[in-house]
Amino acid sequence: MFMTNPNQKSEQPTRRRVAKNYILKFEKMRELGKGLYFFSKEKGSGKTRLAASILHAITKTHDKVYDKETQKYKPLKIIYSSTADLIGEIKSTFDSESKVKSTDIMDAVKTADLVVLDDIGVEKVTGFVEETFTRILDYRLQNKKPTILTSNLSIDDLDTIYKSGRISSRIEKLAFPVIMPNEKIRKKIAQKENEELLLELYE
């Protein structure tokens, strides 16, 4: 079971266990096209940190993947981006001097073996943005490409900003939801780092 209870601090090890098992069972998750959806209303709850840790571990343990079409092993292609940065990159291709086509970026994100989209829902949502994410997620869903996402919104709450409902419906099929703690893990880490640094300075 990948769902956790946000009201229980003791559930934090469960989130780590989910991450660990996802890494260990990545080949199976890849075959199923299943990813993870980390969310918490609290900013700095550790969503991005955990997603990045999973990504780093997978690159170390799965440098190659088996391609059923060619029946050969190929290098694992991974893309990590915040949703705002991704939209910014795509829009930058509209410049007449750009040497990169928007379709090149879109195709790379759609076809990568694993994609991490960080902070979905924080970007300024327009019809173009919603259509772009719909096309990316739809392709990954249809072609069983695992996708890890982080957000401050639950999957159902995504409908409050992506009005068509197409984003939430695709993510619901793409990824297992994992509730992160409603506390500022980032702040605690920063405080601990500052305390350790101060100890060194006072030695």
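A salt bridge does not link Glu130 to Lys163: none of the charged side-chain nitrogens sits closer than 4.0 Å to a carboxylate oxygen. Between Glu27 and Arg30 a salt bridge is recorded (basic side-chain N to carboxylate O distance below 4.0 Å). The residues Arg166 and Asp138 are annotated as not salt-bridged, no charged nitrogen and carboxylate oxygen being separated by less than 4.0 angstrom.
Cation-pi geometry between Lys47 and Phe39 is not satisfied (NZ or CZ under 6.0 Å from the ring centre, within 45° of the ring normal).
Inter-residue side-chain proximity for Ile79 and Val116 is flagged as unmet; no heavy-atom pair is nearer than 4.5 Å. Between Lys173 and Leu141 the shortest side-chain heavy-atom distance falls below 4.5 Å. Between Asp118 and Thr83 the shortest side-chain heavy-atom distance does not fall below 4.5 Å.
The two residues Leu158 and Ser151 come nearest to each other via the heavy atoms CD2-OG, 4.2 Å. The minimum heavy-atom distance linking Met106 with Ile90 is given by the pair SD-CD1, 3.8 Å. Taking all atoms of both residues into account, the shortest heavy-atom contact from Lys34 to Pro146 is O-CB, 3.4 Å.
Here the two rings, on Phe128 and Phe94, have centers that are under 6.0 Å apart.
The side-chain hydrogen bond (donor to acceptor under 3.5 Å, both in side chains) search around Thr132 returns none, not counting sequence neighbours.
Hydrophobic clustering of Ile, Leu, Val, Met, Phe, Trp and Tyr side chains at less than 4.5 Å, counting indirect connections, keeps Tyr139 apart from Leu86.
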